[in-house]
Amino acid sequence: MTRKPIIGITPDINDIEAPETEYVVRKNYADAVLSAGGLPFILPFGAASDLYLQEIDGLLVTGGMFDIDPKLYRQAARIAYVMKPERTAFEKALIEGARNRGMPILGICNGMQLLAVCLGGGLVQDIPSEVEGAFEHKPAQSASITHHDIEVVSRSRHLDLAAGTVHAVNSVHHQSVLPADSYDVLAAASDSVIEALEAREGGFAVGVQWHPEYGASKIDDAVWRGFLAAAAQFSSNIR
């Protein structure tokens, strides 16, 4: 029997000062990995990132309602921030370690933004105040509902996406990724906000600003198929 690729999923964490601190991750992240042919494993925070990378075949960096410290992308803070330094440091170490190993990485929402930062890029700290003519990217509705279109603007090395196609997606974010030489913009909204990226060199490293774990858009299947195919290939090469 062919071994299913093991996908490490980063969780969020509740108030780290509370004695009842919990790791939390939405069920649909694991469900999406299972449906695409992988085995999902949750990765608790800590100094064990290198040990985790020895066991998994792909890294899924999830979203979260917090921001990345702008010092990590060479900017000064221009707005009030809610940050989770412990989580960000843990995920940053995982991304950098996975890149060194050529391990496939999929970053979703905040995970896409951290992937961009790890690749040397920067962020728009606040879309409404920094992007002229931007529409609402953080609507007051469930992420199970699509609310704006994106256009695939370049050919992917790893995803089966046709340039020029338009898809409705369920983005929920107030920050966005800036262009950088180290990655290609795969998709963008009509207001120029970047909605997907891919590293220009190395193995599979893709970020999407929307939430494909909900399966709300036709483009989501291509994201999961590409990621799991890359993880399966990585597994077959090293196991």
Side-chain angles (χ1 to χ4, degrees), residues 2-13 16 22-64 66 68-69 72-73 83-121 156-159 177 180 182-183 196-208 212-213 223-239:
T2 302
R3 176 183 177 279
K4 291 180 179 293
I6 297 172
I7 304 301
I9 301 176
T10 62
D12 204 349
I13 192 169
I16 62 173
E22 297 175 328
Y23 287 112
V24 289
V25 62
R26 274 187 283 100
K27 178 176 177 289
N28 57 3
Y29 282 112
D31 289 347
V33 169
L34 282 167
S35 295
L39 289 177
F41 281 77
I42 309 303
L43 306 179
F45 301 169
S49 58
D50 191 60
L51 294 177
Y52 293 153
L53 293 170
Q54 293 176 34
E55 303 298 330
I56 65 176
D57 305 306
L59 175 65
L60 172 55
V61 185
T62 61
F66 69 101
I68 297 164
D69 188 341
L72 294 178
Y73 50 93
M83 296 186 288
K84 295 189 176 182
E86 182 184 13
R87 176 178 172 180
T88 297
F90 173 68
E91 291 180 328
K92 184 173 182 291
L94 284 172
I95 290 172
E96 291 171 347
R99 285 289 289 167
N100 288 337
R101 293 169 177 266
M103 179 182 293
I105 305 166
L106 175 61
I108 293 177
C109 194
N110 186 281
M112 165 177 158
Q113 294 169 9
L114 184 56
L115 174 61
V117 170
C118 289
L119 291 172
S156 169
R157 296 191 295 128
H158 301 285
L159 302 182
V177 167
S182 57
Y183 49 79
L197 65 83
E198 180 178 56
R200 289 183 177 173
E201 297 181 352
F204 184 107
V206 170
V208 296
E213 69 274 16
V223 173
W224 292 114
R225 284 198 310 270
F227 177 47
L228 267 297
Q233 183 63 50
F234 178 84
S235 177
S236 68
N237 288 342
I238 67 170
R239 304 300 177 193

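As the structure is a computational prediction, the values presented were derived from the model and not from experiment.
Across every non-hydrogen atom of Cys118 and Lys92, the tightest pair is SG-CG, 3.7 Å. Of all heavy-atom pairs spanning Ala116 and Leu197, the tightest one is CB-CD2, 3.8 Å.
No donor-acceptor contact under 3.5 angstrom links the side chains of Asn100 and Glu96, judged on distance only. Looking at Ser235 and Arg3, their side chains do bring a donor and an acceptor atom within 3.5 Å of each other.
Of the possible donor and acceptor atoms, one in the side chain of Trp224 sits under 3.5 Å from a partner among the backbone N and O of Pro212. No donor-acceptor distance shorter than 3.5 angstrom exists from the side chain of Lys84 to the backbone of Phe66, with no hydrogens or angles considered. Although no hydrogens or angles enter the test, the distance criterion places a donor-acceptor pair under 3.5 Å between the side chain of Arg157 and the main chain of Ala199. When atom types are taken as modelled, the side chain of Ser182 and the backbone of Gly120 share no donor-acceptor pair closer than 3.5 angstrom. Within the 3.5 Å criterion, the main-chain N or O of Gly111 finds no donor-acceptor partner in the side chain of Glu91. For Glu198 (side chain) and His158 (main-chain N/O), a donor-acceptor pair under 3.5 Å exists by modelled atom type. Using a distance-only test at 3.5 Å, with no hydrogens or angles considered, a donor-acceptor pair links the side chain of Asp57 to the main chain of Ile6.
In this structure the side chain of Pro44 never reaches within 4.5 angstrom of the side chain of Phe90, judged on heavy atoms. Taking the side chain as every heavy atom from C-beta outward, Leu59 and Thr10 approach each other to under 4.5 Å. Looking at heavy atoms from C-beta onward, Glu213 lies out of side-chain contact with Asp31 at the 4.5 angstrom threshold.
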Before you tell me yes or no, could you show the steps for Leu60 and Ile7 under side chain to side chain contact (heavy atoms under 4.5 Å, CB included), namely the whole-Å CA-CA distance, both residues' side-chain angles and the distance that decides it to 0.1 Å?
CA-CA 7 Å; Leu60 172 55; Ile7 304 301; 4.0 Å; yes

Pair Thr88, Asp69 - check side chain to side chain contact (heavy atoms under 4.5 Å, CB included), show working.
CA-CA 9 Å; Thr88 297; Asp69 188 341; over 6 Å; no

Mind running side chain to side chain contact (heavy atoms under 4.5 Å, CB included) on Ile95 and Val61 for me, showing each step along the way?
CA-CA 8 Å; Ile95 290 172; Val61 185; 3.9 Å; yes

Taking it one step at a time, do Tyr23 and Ile42 satisfy side chain to side chain contact (heavy atoms under 4.5 Å, CB included)?
CA-CA 9 Å; Tyr23 287 112; Ile42 309 303; 5.6 Å; no

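Rounding to the nearest 0.5 angstrom, the gap separating the CD1 atom in Ile108 from the CD1 atom in Ile9 is 9.0 Å. In this structure, the separation between CD on Gln54 and OG on Ser49 is 10.0 Å, given to the nearest 0.5 Å. Considering CG of Leu53 and CZ of Arg99, their distance stands at 13.0 Å, rounded to 0.5 Å. Rounded to the nearest 0.5 Å, atoms CG (Leu94) and CE (Met103) are 9.0 Å apart. Taking OH from Tyr29 and CG from Leu34, the interatomic distance works out to 15.5 Å, rounded to the nearest 0.5 Å. Note that the CG atom of Asp12 and the CZ atom of Arg87 stand 4.5 Å from one another [nearest 0.5 Å].
Note: Phe41 and Tyr52 fail the aromatic proximity criterion, with ring centroids not under 6.0 Å apart.
Using cut-offs of 30° and 60° for the angle between ring planes, the Phe227 and Phe204 rings count as tilted.
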